Amino acid sequence: MVLGRRFDTQATALTKQGRLAVYPSSRGQEACQVGAVLAVRDTDWVFPTYRESMALVARGIDPVDVLTLLRGDWHCGYDPTAVHTAPQCTPLATQCVHAAGLAHGEAYQGRDTVALAFIGDGATSEGDFHEGINFAAVFKAPVVYFVQNNRYAISVPLSRQTAAPSLAYKGVGYGVPSEQVDGNDPVAVLAVLTRAVEHARAGKGPFLVEAHTYRMEPHTNADDASRYRDGAEVDAWRDRDPVARLETYLRARGVLDDAAIAEIADQAEAYAADLRTRMHEQPVVDPLSLFDHVYAEPTPQLIEQREQVRAELAAAHDEEGDA
Amino acid sequence: MATETLTLGKALNTGLRRALENDSKVVIMGEDVGKLGGVFRITDGLQKDFGDQRVIDTPLAESGIIGTAVGLAIRGYRPVCEIQFDGFVYPAYDQIVSQVAKMHYRSGGRLNIPMVIRIPFGGGIGAVEHHSESPEAYFAHTAGLKVVTCANPQDAYVMIQQAIASDDPIVFLEPKRRYWEKGQVDLDAPLSDAYPLHSARVVRPGTDVTVLAYGPMVRTCLEAATAAAEDGRELEVIDLRSLSPLDLSAAYESVKRTGRVVVVHEAPSNIGLGAELAARITEECFYSLESPVLRVTGFDTPYPAARVEEEYLPDLDRVLDAVDRTFGW
Ligand SMILES: Cc1ncc(C[n+]2csc(CCOP(=O)(O)OP(=O)(O)O)c2C)c(N)n1
Ligand SMILES: [Mg+2]
């Protein structure tokens, strides 16, 4: 979690330096981001959104590959099949249906793979969330829907998303066991999600977990959160900081001391320094890459268009040479 | 008030304010349109002044936004729905294509859907995927929908009000990368005297080549025309403004004089608006043409990653190159 937070702070700094086009921070949601990936196996499949960069680095994916999307080099920097992780998803809730299908297919093959689908509070208003969880329930597909209820969808508060007492009710309505958890308590998040994953793996169908948490930063660096929430509200959540809570808990149990904390901090600094160095290298993106991968088998029309741009670039290059 | 210098975004905001003032049946609906004023601030300050029943932060669901707006429209409201980005309109596609577009037809003209669907569209802002698309052809292809787009602050201010006043459903495309560009806006001219919504306009007269564009590409083409003039070539630039219905009277008149046409849009070329324009011009002006109608468009790929969008987007050089090629026949 300390590493995750350091990654997040570094990514925010890189955005200010213009290295990333945009960065949606998950500061304050570390218990959810890290807890969730600890609850699943490497062979399970994860369906992340744009918010889950921290979860993906916690899953062991190279941070530079995670940031490919936000740097604007390509739409996904890692190989989904190698890391059993779908590309980070921007059109909200669409991943909920994919997770149901993937999990169903895996179960049909006799494998015990679980699919973990991340989703935000706001996105549970989208049709695809409802269709996904309903399909999973009817198919008894092994999916865990993990709702990070951070109280806001950009500026829109939870009260504009649902009239239900909690988002867990949305699972209940589809016949899916659903639980709420304190999303800033890492131990609780891990415990509840582990149980949810076991439930799914045991062939009992999907499970929904709603974690109550808070996004400490604006929606992205481009957002101005002062327009819709006040500092006092943010401060109140500062007191429930998940990293500080874990530290207090572990110290109280005598399994963490100053030396260990210093060591973890050093590790985090080294991790951030490495990320910084690698992100400061100007990435080489071949302009012609925009024509790659549109189809498994490129069309003649695309090959022609690619040739047009290649010729333009060559001509521009020659002009530069003449100058 | 009279004439003021406004950005295109502020001109839209002012037009929306006017519409809310003038007709109590106008309601604005969308994601983050209230306190935030929309991610591009086009509805800035409107909820504060008109209340949260007229400027409504909806749950996060595009199909829900458009579908409830259909219900409101049936009872005489004039919903103005904001879709946050072009790439997020698709959850509402079913409602738009099967309901919004067809309700008047199915009901034998008894039900009107006087709805405006505002969509910031196009690229050039360095965004991640799904934030830079040009979906106009999907909508223009659908009978029952009208599709318009503005290219300057004056048109933005007037056209948004005309669209709201229209009894037909209108997809109103806003060139998002031009939101911050400034221009003179006459705030007092009465709407009834305004240039008609579904008419194209010659924005730069010329004698040698006709250039047809709309939305974000109008400015690109005007810049190309300035550059061409330095080389002694006069381009006539026409801002189409209305993509459905298309008004090509000015284009036909122009092509009959110039004999050469270049059509420019950001959307991919394959089965796009350019194809329709080329076909109609060929049908109408065949004997005046000195060269085939040429298209300068985005490529037939998904909108690319931000770092290579410059190579994707039609620019001044590609427009000038096409202009040159019209002389090669
Ligand atoms: C279909 C769709 N509509 C709108 C958007 C624009 N948008 C991006 S994030 C966001 C808010 C999402 O809120 P929530 O689901 O609570 O997740 P959080 O950002 O808080 O993690 C919106 C409206 C989108 N990405 N996809
Ligand atoms: Mg949220």
Side-chain angles (χ1 to χ4, degrees), chain A residues 21-22 50 68-76 87-94 120-130 153-157 160-162 219 222-225 227-229 283 285-294 299 301-302 304-306 308-309 312-313 315-316, chain B residues 30-41 44 47-48 52 56-65 67 84-85 87-92 94-95 125-132 268-270 296-313 315 317-318 321:
Chain A
V22 67
Y50 54 89
T68 297
L69 166 73
L70 302 168
R71 180 150 75 168
D73 301 350
W74 190 254
H75 310 292
C76 175
Q88 278 175 286
C89 180
T90 306
L92 295 167
T94 49
D121 44 84
T124 67
S125 295
E126 289 279 8
D128 272 359
F129 165 74
H130 295 265
I154 311 186
S155 72
V156 181
R160 296 298 293 171
Q161 301 297 347
T162 186
H219 175 69
D223 179 35
D224 174 8
R227 281 185 169 244
Y228 55 83
R229 65 185 195 187
V285 182
D286 178 3
L288 294 178
S289 69
L290 80 91
F291 294 101
D292 293 345
H293 314 300
V294 182
T299 61
Q301 194 167 316
L302 263 187
E304 218 173 273
Q305 293 179 359
R306 184 177 192 279
Q308 178 201 327
V309 175
E312 278 180 15
L313 291 168
Chain B
E31 296 155 7
D32 302 285
V33 297
K35 272 191 190 165
L36 193 65
V39 295
F40 291 108
R41 307 291 186 263
D44 192 21
Q47 188 182 66
K48 185 164 116 319
D52 60 8
I56 306 169
D57 267 332
T58 64
L60 209 176
E62 292 75 13
S63 179
I65 294 169
Q84 200 160 78
F85 281 92
F88 305 138
V89 67
Y90 307 115
D94 181 34
Q95 284 291 339
I125 64 160
V128 296
E129 53 177 356
H130 313 292
H131 291 74
S132 303
S269 67
N270 199 36
V296 179
T297 67
F299 298 110
D300 296 317
T301 71
Y303 196 85
R307 237 171 248 279
V308 293
E309 72 179 336
E310 235 178 87
E311 321 295 337
Y312 177 89
L313 289 168
D315 62 1
D317 288 335
R318 282 193 189 137
D321 179 59

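Please read all numbers here as calculations on a predicted model, not as lab measurements. In what follows, chains are A, B, ... by sequence order, proteins preceding strands, each numbered from 1. Hydrogens, waters and symmetry mates play no part in the numbers below; they use all other heavy atoms, side chains included.
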- [ ] Anything in residues 30-38 of chain B with a heavy-atom distance to chain A below 4.5 Å? Please list those residues in order.
- [x] Asp32(B), Lys35(B), Leu36(B)

TODO: Would you mind checking which part of Arg306(A) comes under 4.5 Å of any heavy atom in chain B, side chain (CB onward), backbone (N, CA, C, O), both or neither?
DONE: neither

TODO: Would you confirm whether Gln161(A), through its side chain, and Leu60(B), through its main-chain N or O, come within 3.5 Å as a donor-acceptor pair?
DONE: yes

Task: Region of Glu62(B) in contact with chain A, defined by heavy-atom distances below 4.5 Å - done: both

- [ ] Check each atom of Ser269(B) against the heavy atoms of chain A and say whether the ones under 4.5 Å are side chain, backbone, both or neither.
- [x] side chain

TODO: Below 4.5 Å from any heavy atom of chain A, which atoms of Thr301(B) appear? Answer side chain, backbone, both or neither.
DONE: both

Open item on the list: Counting only non-hydrogen atoms closer than 4.5 Å, does Phe88(B) touch chain A with its backbone (N, CA, C, O), its side chain (CB onward), both, or neither?
Closed with: side chain

TODO: State plainly whether the residues Asp57(B) and Arg160(A) are in salt-bridge range, i.e. N to O under 4.0 Å.
DONE: no

TODO: Below 4.5 Å from any heavy atom of chain A, which atoms of Tyr90(B) appear? Answer side chain, backbone, both or neither.
DONE: neither

Task: Closest contact, heavy atoms only, Glu126(A) versus Pro91(B) - done: OE1-CB, 4.1 Å

- [ ] Return the set of residues passing ring-ring contact (aromatic ring centres under 6.0 Å, His included) with His130(A) (not counting sequence neighbours), or none when no residue passes.
- [x] Tyr174(A)

Task: Those residues that, when tested against Glu312(A), pass salt bridge (charged side-chain N to carboxylate O under 4.0 Å, His left out) (two or more places apart) - done: Arg318(B)

Open item on the list: I'd like to know whether Val294(A) forms a side-chain contact (heavy atoms from CB on, under 4.5 Å) with Asp300(B), so could you lay out the CA-CA distance, the side-chain angles of the two residues, the decisive distance to 0.1 Å, and finally the verdict.
Closed with: CA-CA 9 Å; Val294(A) 182; Asp300(B) 296 317; over 6 Å; no

Open item on the list: I'd like to check the ring-ring contact (aromatic ring centres under 6.0 Å, His included) partners of Phe291(A); sequence neighbours left out, ordered by chain and number.
Closed with: Phe299(B)

TODO: May I ask you to say whether Asp44(B) pairs ionically with Arg227(A), meaning some side-chain N is under 4.0 Å from a carboxylate O?
DONE: yes

